Amino acid sequence: MKLPRRNFLHLAAGAAALPALSRIAGAGSSYPTRPVHIVVGFPPGQAADISARLLGQWLSERLGQSFIIDNRPGAASTIATEQVVHAPPDGYTLLYIVASNYINATLKANLPYNFIRDIEPVASITRSPLVAEVNPSVPVNNIPELIAYAKAHPSKLNMASGGIGNSTHLAGELFKMMTGIDMFHVPYRGSAPALTDLVSGQVQVMFDLMASSIGYIKAGQLRALAVTTAKRSEALPELPTVGDFVPGYEASTVGGIGAPKGTPTEIVAKLSKEINAILADASLRSRYAALGSVPHPTSPTEFGKLIAAETEKWAKVIAFAGIKPE
């Protein structure tokens, strides 16, 4: 039987599409078949790098392929993010998402990508608190006393941060916005030099990542006043939250995994499922807890909503404080 030309062309097109559809449908079941790269926008040894390496080690063991950490530091993760945005959407190049990604979406007007549009959320990994802390020479022992002291001594307190527009800066600006106090911002190139000056008394206040500050706090070189998350931290359980005294205050850094937009749904789902299973393991949870982080499993959809909410939240702080990029 001879088919009409139109019917023949339809059947031929459908037949040609079957191998492609089969490859897409099978992508999740066979993935990964070769090493996977997790691109991190910070140098080795920093919190994002350590967290990514912990996750990569466990993913390698579960999925039978190497998960290689690819450090691409610079421009607050912009370089790393651009690399992943332009990578093939096949699941073999992933991004370690950090708070800078949410902040940069507003702070930097000329980014070479649109983070929410161009990155596929896979799963969040951890939520990490910052610590409101002071040099011991500052005569305050808690958040209400800090607010009262700042109001009684306008602009006398210097507030250090690890750089303009990063999480340590914006956590402090959010505090200033919600309490109406004034502290003079002193940005540094990273938390390490900021902490050096905080310990020496050159600056008086900082909202720093717990992982960076906990050693100084336990050694008595810094006085911790509160953690910035909604709940207390297991690492410093005696500390109250800032929100206990400033209702509605919450600041934290949420790390996670993203992929280039267009990555097959099956691969995204498989990675998310594996990451969430890993985060349920007690031994890994204790490793993250030692860094001051709390595992924060989510689905891709939930992580996407979290990214949108964090981006909107920090956009308001940036606008209120009039923050401009360096």
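Being a predicted model, the structure only gives us computed values, none of them experimental.
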Problem - Backbone N/O of Lys231 and side chain of Thr229: donor-acceptor pair under 3.5 Å - result: yes

Exercise for the section: Kindly say whether Gly45 contributes a backbone atom to a donor-acceptor pair with the side chain of Asp49 at under 3.5 angstrom? Expected result: yes

Practice task
Inspect the surroundings of CZ in Arg232 and state if more than 12 heavy atoms from other residues, nucleotides or ligands are less than 6.0 Å away.
Solution key: yes

Exercise for the section: Could you tell me whether a side-chain N or O of Asn142 sits under 3.5 Å from a main-chain N or O of Leu225, the two making a donor and an acceptor? Expected result: no

Handout entry: Same cluster (ILVMFWY, side-chain, under 4.5 Å), Leu291 and Phe207
Key = no

Exercise for the section: Return yes when atom CZ of Arg189 has more than 12 non-hydrogen atoms of other residues, nucleotides or ligands closer than 6.0 Å, and no otherwise. Expected result: no

Fill in the blank from the handout: Note: Pro32 and Gln65 closest approach over all heavy atoms is O-CG, 3.3 Å

Handout entry: Expected output: side-chain Asn101 to main-chain Val98 donor-acceptor under 3.5 Å
Key = yes

Exercise for the section: Say whether Thr263 and Glu120, considering side chains only, have a donor N or O and an acceptor N or O under 3.5 Å apart. Expected result: no

Practice task
Enter the distance from His169:NE2 to Trp314:CH2 here, rounded to the nearest 0.5 Å.
Solution key: 10.5 Å

Practice task
May I ask you to test the Tyr149-Ile181 pair for a side-chain heavy-atom distance under 4.5 Å?
Solution key: no

Problem - Closest contact, heavy atoms only, Ala52 versus Val40 - result: CB-CG2, 3.7 Å

Handout entry: Any side-chain heavy-atom pair of Ile116 and Asn114 under 4.5 Å
Key = yes

Completion exercise
Of all heavy-atom pairs linking Ser213 and Glu133, the shortest is OG-OE2, 2.8 Å

Practice task
Step by step, work out the salt bridge (charged side-chain N to carboxylate O under 4.0 Å, His left out) result for Arg285 and Asp281.
Solution key: CA-CA 6 Å; Arg285 293 178 72 90; Asp281 187 278; over 6 Å; no

Exercise for the section: Consider only side-chain N and O atoms of Ser51 and Tyr96, and report whether a donor and an acceptor are under 3.5 Å apart. Expected result: yes

Practice task
Assess the side chains of Thr81 and Gln83: does a donor N or O sit below 3.5 Å from an acceptor N or O?
Solution key: no

Practice task
Consider only side-chain N and O atoms of Thr168 and Asp208, and report whether a donor and an acceptor are under 3.5 Å apart.
Solution key: no

Problem - Donor-acceptor contact below 3.5 Å, side chain Ser272 vs main chain Ala269 - result: no

Fill in the blank from the handout: Output for pair (Arg287 CZ, Gln57 CD), nearest 0.5 Å, gives 6.0 Å

Handout entry: Lys/Arg-Asp/Glu bridge criterion (N-O < 4.0 Å) met for Arg34, Asp90
Key = yes

Problem - Validation row: Tyr113, Thr78 side chains within 4.5 angstrom (heavy atoms) - result: yes

Handout entry: Donor-acceptor pair, side chain of Asn135 and main chain of Val203, under 3.5 angstrom
Key = no

Problem - Same cluster (ILVMFWY, side-chain, under 4.5 Å), Leu54 and Ile214 - result: no

Handout entry: Heavy-atom check, side chain of His185 versus side chain of Glu173, under 4.5 Å
Key = yes

Practice task
In plain terms, say whether Glu250 and Lys313 are close enough for a salt bridge, that is, a side-chain N and a carboxylate O under 4.0 Å apart.
Solution key: yes

Exercise for the section: Work out which heavy atom in Ile307 is nearest to a heavy atom in Thr311; give both atom names and the distance. Expected result: O-OG1, 2.7 Å

Problem - Point-to-point distance, once rounded to the nearest 0.5 Å, from OG1 of Thr298 to CD1 of Ile275 - result: 8.5 Å

Problem - Any Ile278 side-chain heavy atom under 4.5 Å of Leu59 side chain - result: yes

Exercise for the section: Kindly say whether Ile217 contributes a backbone atom to a donor-acceptor pair with the side chain of Arg223 at under 3.5 angstrom? Expected result: no

Practice task
Would you please test Leu195 and Ser212 for side chain to side chain contact (heavy atoms under 4.5 Å, CB included) and show each step?
Solution key: CA-CA 8 Å; Leu195 286 168; Ser212 306; 3.9 Å; yes

Practice task
Check whether the ring centres of Tyr92 and Tyr31 lie less than 6.0 Å apart, and answer yes or no.
Solution key: yes

Practice task
State, to 0.1 Å, how close Val242 and Ala132 come at their nearest heavy-atom pair, and which atoms those are.
Solution key: CG2-CB, 4.4 Å

Handout entry: Point-to-point distance, once rounded to the nearest 0.5 Å, from CD of Glu302 to CG of Asn276
Key = 8.5 Å

Practice task
Look at the side-chain heavy atoms of Ile, Leu, Val, Met, Phe, Trp and Tyr, link any pair under 4.5 Å apart, and say whether Phe184 and Met177 land in one connected group.
Solution key: no

Practice task
Report the C-alpha distance between Trp58 and Leu284 in whole Å, list the side-chain angles of each, state the deciding distance to 0.1 Å, and finish with yes or no for side chain to side chain contact (heavy atoms under 4.5 Å, CB included).
Solution key: CA-CA 9 Å; Trp58 283 65; Leu284 184 70; 3.5 Å; yes

Problem - Between CE on residue Met183 and NE2 on residue His153, distance to nearest 0.5 Å - result: 14.5 Å

Practice task
Please step through side chain to side chain contact (heavy atoms under 4.5 Å, CB included) for the pair Ser60 and Phe67, ending with a clear verdict.
Solution key: CA-CA 6 Å; Ser60 297; Phe67 278 71; 3.6 Å; yes

Practice task
Hey, can you tell me if Tyr249 and Phe175 have their rings parallel, tilted or perpendicular (30° and 60° cut-offs)?
Solution key: perpendicular

Problem - Joint cluster assignment, Val85 & Val36, ILVMFWY side-chain distance < 4.5 Å - result: no

Handout entry: Connected via hydrophobic side-chain network under 4.5 Å: Leu95 and Phe42
Key = no

Exercise for the section: Let me know which of Thr106, Ile164, Ile103 forms a side chain to side chain contact (heavy atoms under 4.5 Å, CB included) with Ile323. Expected result: Ile164

Practice task
Would you please say whether a donor-acceptor pair under 3.5 Å links the side chains of Ser100 and Ser77?
Solution key: no

Exercise for the section: Might you point out which heavy atoms bring Gln204 and Asn158 nearest each other, and give the distance in Å? Expected result: OE1-N, 2.8 Å

Exercise for the section: Find out whether Ser293 and Arg127 are in side-chain contact, i.e. whether some heavy atom of one side chain is under 4.5 Å from a heavy atom of the other. Expected result: no

Handout entry: Any Ile257 side-chain heavy atom under 4.5 Å of Phe303 side chain
Key = no

Problem - Distance in Å, Ile125 CD1 paired with Ile97 CD1, rounded so as to fall on 0.5 Å steps - result: 8.5 Å

Practice task
Check each of Leu130, Thr126, Asn166 against Thr253 using the side chain to side chain contact (heavy atoms under 4.5 Å, CB included) test, and report the only one that passes.
Solution key: Leu130

Handout entry: Side chain to side chain, Lys261 and Ile119, heavy atoms closer than 4.5 Å
Key = no

Exercise for the section: Kindly indicate, with the supporting measurements, whether the criterion side chain to side chain contact (heavy atoms under 4.5 Å, CB included) is fulfilled by Glu274 and Leu271. Expected result: CA-CA 5 Å; Glu274 292 294 332; Leu271 280 169; 5.9 Å; no

